[in-house]
J.: 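Have a look at the structure that comes next, please.
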Amino acid sequence: MNGRREDGKSPVFPFLPFMGKGAQRADRGGVYEIYKKRDKTMKEKTIKHILTLEGDGREVLVEGWIRTRRDSKEVSFIAVNDGSTMNSIQVVLERTFPGYDEINPRLVNGASVSIKGKLVPSLGKEQSAEVSPLEIKILGDASPEEYPLQKKRHSFEFLREIAHLRPRTNTFGSVMRVRNAMSFAIHKYFNDNGFVYVHTPIITGSDCEGAGEMFHVTNFDLNNIPRVEGKIDYTKDFFGKEASLTVSGQLNAEIYALALKNVYTFGPTFRAEKSNTSRHLAEFWMIEPEMAFCDITGNMDTAEHFIKYILRYVLDNCADDMNFFNSMIEKGIIENLEHIAASEFGRITYTDAVNELKKSGQKFEFPVEWGIDLQSEHEKFLTQEVYKKPVIVTDYPKDIKAFYMKLNDDGKTVRAMDVLVPRLGEIIGGSERENDYNKLLGRINDMGLNEKDYWWYLELRKYGSAPHSGFGLGFERLIQFVTGMQNIRDVIPFPRCVDTLDF
RNA sequence: UCCUCUGUAGCUCAGUCGGUAGAGCAGUUGGCUGUUAACCAAUUGGUCGUAGGUUCGAGUCCUACCGGGGGAGCCA
């Protein structure tokens with residue numbers, strides 16, 4: 001085989017369009033040659049691809065799981081789905097098909113099949129082409145009396161209990177395809193914008209990340225923990241010191257930003273907080289850009305530009321899945337995202353936001369006062385009622401924010417920023433970092449932290465310090481925002497939460 | 001951790017004033033039709049989360065515990 005398709009058209013090379021013209025030329029001897037030698041790419045075998053073809057009698061191989069079968073007197077209609085798209089392909093099995101009586105009862109919801117057949121025009125209304133089978137192999141049966149997934153709607157709570165099967169549903173298939181597209185878009189955005197992807201560590205020895213409760217990492221025999229004078233002797237542990245799972249890659253990312261200018265991290269993050277809400281996970285994925293020679297304004301610009309880019313990318317590349325969310329999960333979400341991608345985010349200082357909330361006349365469970373942290377109800381009121389779009393709140397009181405945030409000239413506020421979005425509230429937290437050695441040292445001491453723990457962080461301000469900024473974006477929250485899924489446990493393949501560690 | 005709602009058939013739910021358990025879907029059987037989460041008919045299926053208590057009698061009222069949802073806090 002020489003890479004030609006049966007229809008005589010050029011073969012499809014899935015990732016060449018993402019490369020620049022120069023890259024395509026340069027690859028003629030490399031990637032291109034490798035692809036040319038392949039009979040069929042994996043992409044060409046997907047139902048998503050087959051559904052784009054014309055029903056001109058060509059032979060196709062359909063491999064997937066049966067979603068439903070409808071029997072008629074003369075024919076059976078089988079919907080096969082392989083997750084490459086939310087759409088299923090229809091296979092029409094004539095009663096005269098050899099072995100019909102033996103095969104047809106096994107073609108049930110959930111069974112996996114490999115069907116060779118001809119792609120022909122459909123007599124039905126909802127598809128232009130369908131498969132007329134030549135050969136049907138049942139690869140894996142699924143007992144109808146036991147298979148938990150039905151054709152009807154299930155509750156998300158039930159599906160969480162069968163997380164090994166839920167990706168076969170429309171909703172979770174769509175969520176995971178969109179999650180994938182967003183992951184790709186994130187890397188593409190940063191790559192195209194001069195950022196270097198830095199792999200910050202998962203295991204950390206610094207308990208100074210300051211973003212929440214940490215999970216401990218130990219190699220001790222827990223039934224026999226070495227102690228000295230009653231206290232745990234960490235010098236005997238694997239790393240010779242206390243170790244944890246990271247709660248943020250930020251401090252490490254700052255190191256690389258102050259060497260490579262623009263960097264980002266995108267990896268798992270762990271918080272041992274006993275948060276029991278629809279917006280929290282114990283293990284989640286976080287995106288943390290960090291930019292040298294960048295102040296809080298540049299930070300806000302990047303955050304806004306980035307979010308709009310991701311929204312635009314999903315709207316342009318995941319139309320089928322987004323239409324599903326739009327009709328089944330959150331009515332009007334497409335219009336909502338289109339609006340957000342096209343409009344300027346609101347920008348307001350904390351001080352102005354407090355005044356705005358006070359004069360709104362709105363009654364809050366927690367009264368608003370300068371100096372308190374904004375509560376969820378305040379954040380949602382700002383973004384949903386006042387602005388009706390995302391809003392960036394900046395310059396918070398220093399006492400309610402982290403030690404590393406840059407102090408403003410007023411001595412009372414820091415250059416922090418939170419991006420608030422409708423439906424969810426806070427989706428991004430970030431700041432310009434304090435780059436003055438003495439001011440940072442002062443903040444560390446003021447907050448009762450041990451400056452020895454921060455020696456390398458302080459040295460970054462001692463040698464070639466530069467203004468720099470960054471933010472953290474919760475990936476799953478962004479997926480919630482894009483898909484309209486209400487519970488964060490339903491936008492990650494296998495959620496980890498308090499008292500939940502299944503699968 | 002706190003507040004709140006909830007737990008009934010494989011799934012989604014109803015169950016009145018405390019009177020002894022029901023629907024839709026799924027499954028099974030039959031019928032019908034180029035069907036579109038097909039349709040029509042029949043039918044199987046429940047220790048009402050668990051343990052106590054009140055009562056002649058508890059799915060229903062009370063107590064405790066367990067599971068799940070929503071909200072709050074913490075945060076992304």
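Residue numbers begin at 1 in each chain, while the letters A, B, ... track the order of the sequences.
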J.: Starting from P on rU36(B), measure out to CD1 on Ile66(A) and report it in whole angstrom.
T.: 18 Å
J.: rG73(B) P sits how many Å from Ile400(A) CD1, rounded?
T.: 13 Å
J.: Counting neighbours of NZ on Lys412(A) that are heavy atoms of other residues, nucleotides or ligands and sit closer than 6.0 Å, is the number greater than 12?
T.: no
J.: Within a radius of less than 6.0 Å around CD of Glu283(A), do more than 12 heavy atoms belonging to other residues, nucleotides or ligands occur?
T.: yes
J.: Give a yes or no on whether Lys137(A) atom NZ has more than 12 heavy-atom contacts from other residues, nucleotides or ligands under 6.0 Å away.
T.: no
J.: Flag yes if more than 12 heavy atoms outside Tyr256(A) fall under 6.0 Å of its OH atom; otherwise flag no.
T.: no
J.: So, OP1 or OP2 of rU33(B): does either fall under 4.0 Å of a side-chain N or O from Lys73(A)?
T.: yes
J.: Output one line per pair: protein atom, nucleotide atom from nucleotides 64-72 of chain B, and distance, for all N/O pairs under 3.5 Å.
T.:
{"unit_1": "rG69(B)", "atom_1": "OP1", "unit_2": "Arg160(A)", "atom_2": "NH1", "d": "2.6"}
{"unit_1": "rG70(B)", "atom_1": "OP1", "unit_2": "Asn487(A)", "atom_2": "ND2", "d": "2.9"}
{"unit_1": "rG70(B)", "atom_1": "OP2", "unit_2": "Asn487(A)", "atom_2": "ND2", "d": "3.2"}
{"unit_1": "rG71(B)", "atom_1": "OP2", "unit_2": "Ser278(A)", "atom_2": "OG", "d": "3.0"}
{"unit_1": "rA72(B)", "atom_1": "OP2", "unit_2": "Arg279(A)", "atom_2": "NH1", "d": "3.3"}

J.: Please work out if Ser155(A) contacts a base, only the sugar-phosphate, or nothing of the nucleic acid, heavy-atom cut-off 4.0 Å.
T.: sugar-phosphate
J.: Less than 6.0 angstrom separating the ring centers of Phe475(A) and Phe284(A), yes or no?
T.: no
J.: Under 4.0 Å between any heavy atoms, over every strand shown, what does Glu476(A) touch: base, sugar-phosphate, or nothing? Just pick one.
T.: nothing
J.: When the P atoms of rC62(B) and rG68(B) are compared, how many Å lie between them, rounded to an integer?
T.: 23 Å
J.: If you check the Arg70(A) side chain, which of rU33(B), rC74(B), rA38(B) turns out closest?
T.: rA38(B)
J.: Has the side chain of Glu145(A) got a donor or acceptor that lies under 3.5 Å from a partner of the other kind on the base of rU44(B)?
T.: no
J.: Expressed in whole Å, how much space separates the P atoms belonging to rU43(B) and rA38(B)?
T.: 24 Å
J.: Atom pairs, N/O to N/O, protein against nucleotides 6-10 of chain B, distance under 3.5 Å?
T.:
{"unit_1": "rG10(B)", "atom_1": "N2", "unit_2": "Gln150(A)", "atom_2": "OE1", "d": "3.0"}
{"unit_1": "rG10(B)", "atom_1": "N2", "unit_2": "Gln150(A)", "atom_2": "NE2", "d": "2.6"}
{"unit_1": "rG10(B)", "atom_1": "N3", "unit_2": "Gln150(A)", "atom_2": "NE2", "d": "3.2"}

J.: Quantified in whole Å, what is the P atom distance between nucleotide rG49(B) and nucleotide rG10(B)?
T.: 13 Å
J.: With Watson-Crick and G-U wobble geometry limited to distances under 3.5 Å, how should the secondary structure of RNA chain B be encoded in dot-bracket form, using | for bases paired to another strand and [ ] for crossing pairs?
T.: (((((((..((((.....[..)))).(((((.......))))).....(((((..]....))))))))))))....
J.: How many angstroms lie between CZ in Phe403(A) and CG in Leu449(A), if you round to the nearest 0.5 Å?
T.: 6.5 Å
J.: Could you check whether atom NZ of Lys389(A) has more than 12 heavy atoms from other residues, nucleotides or ligands sitting under 6.0 Å from it?
T.: yes
J.: Between P on rA26(B) and CG on Leu149(A), what's the gap in Å once rounded to a whole number?
T.: 15 Å
J.: Take atom P in rA21(B) and the same atom in rC48(B), then report the distance between them in whole Å.
T.: 11 Å
J.: Provide the distance between the two P atoms, one in rG71(B) and one in rC65(B), to the nearest whole Å.
T.: 25 Å
J.: Write down the distance separating the P atoms in rA64(B) and rU47(B), rounded off to the nearest Å.
T.: 27 Å
J.: At under 4.0 Å between heavy atoms, what does Ile427(A) touch on the DNA or RNA strands: base, sugar-phosphate, or nothing?
T.: sugar-phosphate
J.: Could you tell me the separation between the CG atom of Asp71(A) and the C1' atom of rG30(B), rounded to a whole number of Å?
T.: 13 Å
J.: Within this structure, what is the CD1-CE distance for the pair Ile334(A) and Met322(A), rounded to the nearest 0.5 Å?
T.: 5.5 Å
J.: Using a cut-off of 4.0 Å on non-hydrogen atoms, how would the nucleic acid contact of Glu130(A) be classed: base, sugar-phosphate, or nothing?
T.: base
J.: Of Glu426(A) and Met328(A), whose closest RNA chain B nucleotide lies nearer the 5' terminus?
T.: Met328(A)
J.: Do Phe345(A) and Tyr387(A) have ring centroids that are under 6.0 Å from one another?
T.: no
J.: From OH of Tyr147(A) over to P of rC11(B), roughly how many Å is that when rounded to an integer?
T.: 15 Å
J.: Are His187(A) and Phe266(A) an aromatic pair, judged by ring center distance below 6.0 Å?
T.: yes
J.: Arg67(A) and Asn109(A): side-chain donor and acceptor closer than 3.5 Å?
T.: no
J.: Does a donor on one side chain and an acceptor on the other come within less than 3.5 Å for Arg271(A) and Thr269(A)?
T.: no
J.: So does His280(A) reach the base of rC75(B) with its side chain, donor to acceptor, closer than 3.5 Å?
T.: yes
J.: Could you tell me whether Arg347(A) and Glu304(A) make a salt bridge, using a distance below 4.0 angstrom between a side-chain N and a carboxylate O?
T.: yes
J.: Taking only the P atom of each, what is the distance from rA51(B) to rA58(B) in whole angstrom?
T.: 15 Å
J.: Counting heavy atoms not belonging to Lys380(A), are there more than 12 under 6.0 Å from its NZ?
T.: yes
J.: Suppose you measure atom C1' in rU28(B) against the same atom in rU44(B); what distance do you get, rounded to whole Å?
T.: 7 Å
J.: Heavy atoms only, 4.0 Å cut-off, all strands: where does Gly124(A) land among base, sugar-phosphate and nothing?
T.: base
J.: Within the structure, does a side-chain N or O atom of Thr68(A) lie under 4.0 Å from either OP1 or OP2 of rA38(B)?
T.: yes
J.: If I take atom CG in residue Leu165(A) and atom C1' in nucleotide rC11(B), what distance separates them, rounded to the nearest angstrom?
T.: 14 Å
J.: What integer distance in Å separates Glu74(A):CD from rU35(B):P?
T.: 13 Å
J.: Let me know the distance between CZ of Arg67(A) and C1' of rA38(B), rounded to the nearest Å.
T.: 17 Å
J.: Looking across every strand, which nucleic acid part, if any, lies under 4.0 Å from Ile428(A) by heavy atom: base, sugar-phosphate, or nothing?
T.: sugar-phosphate
